[in-house]
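Everything on this sheet refers to the single structure shown next.
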Amino acid sequence: MRDLRVLAFKSMIFATVLGACGATVLASSDFALDDRHLSVVPRTPAEQARIDAVTKATSDFSQPERFEPLPAGAATVRVRRSRDAFSDPSGNISFEGELDFKVGNGLFRKLWVAAPASTRASDGLGPVYNARSCQRCHLKDGRGHPPETAQDNAISMFLRISIPGGDAGVIDGTHPTLPDPNYGRQMQDFAVPGVASEYRLGVTWEEIEIPLSDGEVAQLRRPAWRATDLGYGPLHAEAMLSPRIAPQMIGLGLLEAIPAADILANADPDDADGDGISGRPNIVMSREHGVPMLGRFGLKAGSPTLREQSASAFAGDIGISNPLFPDNAGECMAAQSRCQDAPDGAHADEDGFEVGNVGLDLVTFYSRNLGVPARRAVDDPAVLRGKEMFYQSG
């Protein structure tokens with residue numbers, strides 16, 4: 001565990017600080033890295049005392065705790081009973097920051113088109129892709145959904161693919177994988193004209209019955225996902241498929257702001273405390289900083305920062321090259337010759353990519369500052385009883 005901690009101390013090079021002062025700023029993290037050594041910047045006693053007081057487990061379930069209605073502290077936003085409930089900026093964002101947030105929102109919603117196009121600022125889609133915009137997967141900044149029927153679209157869901165990796169250059173405690181030689185690490189079910197898509201998402205449902213304690217029976221459906229209509233030959237014999245539904249976007253900046261040491265303190269890979277949970281931090285190599293970092297984002301914590309996660313989604317989901325994923329052909333593999341040879345939308349005014357540093361930073365800022373709505377009914381007796389039962393469960 002010692003080596004894991006040393007590697008992960010490098011993780012929080014930058015974090016979003018959502019302070020009670022009302023400003024949203026990018027600041028240095030709890031960990032500073034220079035050419036000679038890794039230095040840890042500890043919290044002050046006053047900071048630690050404040051955190052301990054707020055996060056201390058309660059024993060009084062007769063009323064809500066003082067801070068309970070505000071899950072994001074000063075960044076919490078009012079509840080909106082509309083389809084825009086997850087689309088407000090953080091409650092303590094600055095006036096200047098709100099402008100960046102709105103421009104980032106525009107890029108998040110932007111529909112990309114195939115190159116070449118008259119709309120030069122919007123071309124570069126694909127050549128293979130899962131969606132034409134970020135928001136088409138993260139519906140109104142909320143969750144995506146699986147297809148309900150074989151005819152329903154799967155635009156907010158795809159199959160991740162990989163094959164077992166070797167041991168070369170492996171970070172201790174990790175389980176490396178390699179891309180499928182024909183399909184890469186993500187299967188795309190759309191393509192620009194003249195290029196074949198990689199597959200179509202198929203599913204069959206198994207109806208199952210679950211007896212309940214009161215004698216009733218719950219009817220559930222178990223899905224079996226598969227890749228059909230393969231466009232570039234068979235999958236590798238050891239290919240591993242994992243279905244992924246786009247998660248909601250709120251609160252990501254708060255997750256990025258948690259010091260790595262706090263996350264690592266809860267690691268228990270051998271279940272030493274006997275609670276049945278063996279939590280393991282995921283240490284990944286950062287494309288941006290070139291060092292091992294604590295993974296935080298993506299459904300398996302595969303990206304260390306929101307900027308890297310945003311860049312990965314641009315490349316994998318939409319096929320848009322950027323400073324961290326510079327291949328203008330996106331996820332096209334070497335065997336996909338038409339995909340490799342298709343026109344791209346790289347421009348000098350985008351730093352030679354299809355979206356440059358400015359655009360990537362604005363989308364990252366938007367993702368970092370989507371507000372978390374206030375909790376409702378915190379004093380409802382049924383809610384308080386549920387909270388008590390949750391605590392008792394361990």
Side-chain angles (χ1 to χ4, degrees), residues 13-14 26 100-138 158 179 183-188 190-195 197-198 246 249 252 256 284-291 293 297-298 302-334 336-369:
I13 295 178
F14 295 107
L26 194 68
D100 287 342
F101 178 89
K102 289 178 178 177
V103 177
N105 184 21
L107 289 170
F108 193 82
R109 299 170 61 182
K110 176 181 183 175
L111 291 175
W112 295 85
V113 298
S118 58
T119 53
R120 290 188 62 218
S122 299
D123 67 353
L125 176 68
V128 292
Y129 61 95
N130 296 109
R132 290 180 57 199
S133 74
C134 305
Q135 183 147 259
R136 287 203 168 184
C137 287
H138 304 274
F158 64 81
Y183 294 96
R185 292 190 178 276
Q186 178 171 328
M187 301 197 72
Q188 288 88 9
F190 293 100
V192 300
V195 176
S197 62
E198 291 187 329
M249 298 291 295
L252 297 180
E256 193 171 45
V284 298
M285 183 61 71
S286 168
R287 280 177 172 258
E288 184 171 13
H289 302 294
V291 296
M293 296 174 68
F297 303 103
S303 292
T305 66
L306 267 177
R307 190 171 192 266
E308 195 159 321
Q309 173 65 20
S310 299
S312 175
F314 263 126
D317 300 349
I318 315 177
I320 299 299
S321 62
N322 57 75
L324 299 187
F325 293 81
D327 192 343
N328 291 323
E331 268 260 310
C332 291
M333 300 301 287
Q336 302 175 10
S337 57
R338 285 194 177 182
C339 185
Q340 289 283 350
D341 296 338
D344 63 65
H347 302 300
D349 54 1
E350 292 290 345
D351 305 315
F353 308 107
E354 291 165 331
V355 65
N357 280 294
V358 172
L360 178 59
D361 288 344
L362 285 166
V363 169
T364 303
F365 185 86
Y366 174 75
S367 302
R368 192 176 273 145
N369 288 288

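- When atom types are taken as modelled, the side chain of Q340 and the backbone of C332 share a donor-acceptor pair closer than 3.5 angstrom.
- One distance of note links CE of M285 with CE of M293; it measures 11.0 Å at 0.5 Å rounding.
- Contact of the H289 side chain with the E308 side chain is not registered, since no non-hydrogen atoms from C-beta on lie closer than 4.5 Å.
- When atom types are taken as modelled, the side chain of E331 and the backbone of G316 share no donor-acceptor pair closer than 3.5 angstrom.
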>> Working note: R287 + F325, criterion side-chain contact (heavy atoms from CB on, under 4.5 Å); need CA distance, chi angles, decisive distance, verdict.
In response: CA-CA 9 Å; R287 280 177 172 258; F325 293 81; 3.1 Å; yes
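- The environment of R185 atom CZ is dense: over 12 non-hydrogen atoms of other residues, nucleotides or ligands sit within 6.0 angstrom.
- Here the straight-line distance linking atom NE2 of H138 with atom CZ of F108 works out to 5.0 Å at 0.5 Å rounding.
- Considering only heavy atoms from C-beta on, S122 stays 4.5 Å or farther from L111 through its side chain.
- Expressed to the nearest 0.5 Å, how far OG1 of T364 lies from CG of L107 amounts to 10.5 Å.
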> side-chain contact (heavy atoms from CB on, under 4.5 Å) between L360 and S310: does it pass, once the steps are laid out?
Replying inline: CA-CA 7 Å; L360 178 59; S310 299; 4.1 Å; yes
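- The shortest distance between side-chain heavy atoms of S321 and D344 does not fall below 4.5 Å.
- At least one side-chain heavy atom of V113 sits less than 4.5 Å from a side-chain heavy atom of R132.
- Side chains of R307 and N357 form a contact here, defined as non-hydrogen atoms less than 4.5 Å apart.
- Closest non-hydrogen pair, Q309 versus S303, comes out as OE1-OG, 3.0 Å.
- In this structure a side-chain-to-backbone donor-acceptor pair under 3.5 Å is missing from Q188 to Y129.
- Proximity of a side-chain donor or acceptor of H347 to a complementary backbone N or O of R120 within less than 3.5 Å is detected.
- Closest heavy-atom contact between P326 and F353: CB-CE2, 3.6 Å.
- Remark: Y366 OH to L252 CG distance equals 11.0 Å, nearest 0.5 Å.
- Shown here for M333 and P179, the closest heavy-atom pair between the two residues is CE-CB, 4.4 Å.
- Taking both residues in full, the closest heavy atoms of P127 and C339 are given as CG-O, 3.3 Å, listed atom of the first, atom of the second, then distance.
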>> Test side-chain contact (heavy atoms from CB on, under 4.5 Å) on E256 and F297; report intermediate values, then the result.
In response: CA-CA 9 Å; E256 193 171 45; F297 303 103; 3.6 Å; yes
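- For G194 against R338, the heavy-atom pair with the smallest separation is O-CD, 3.5 Å.
- Q135 and N105 are not linked by any side-chain donor-acceptor pair at a separation below 3.5 angstrom, with hydrogens and angles left out of the test.
- Looking at F158 and D317, their side chains come closer than 4.5 Å, going by heavy atoms from C-beta outward.
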> Step by step, would you call V355 with F314 a side-chain contact (heavy atoms from CB on, under 4.5 Å)?
Replying inline: CA-CA 9 Å; V355 65; F314 263 126; 4.1 Å; yes
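- Counting all heavy atoms, side chain and backbone alike, A114 lies closest to D123 at O-CB, 3.9 Å.
- Tested against F365, the residues L362, N369, D361 include a single side chain to side chain contact (heavy atoms under 4.5 Å, CB included) partner, N369.
- In this structure, N130 and Q186 have side chains that are in contact, with non-hydrogen atoms separated by less than 4.5 Å.
- Proximity of I320 to W112: side-chain heavy atoms (C-beta onward) are separated by under 4.5 Å at one or more points.
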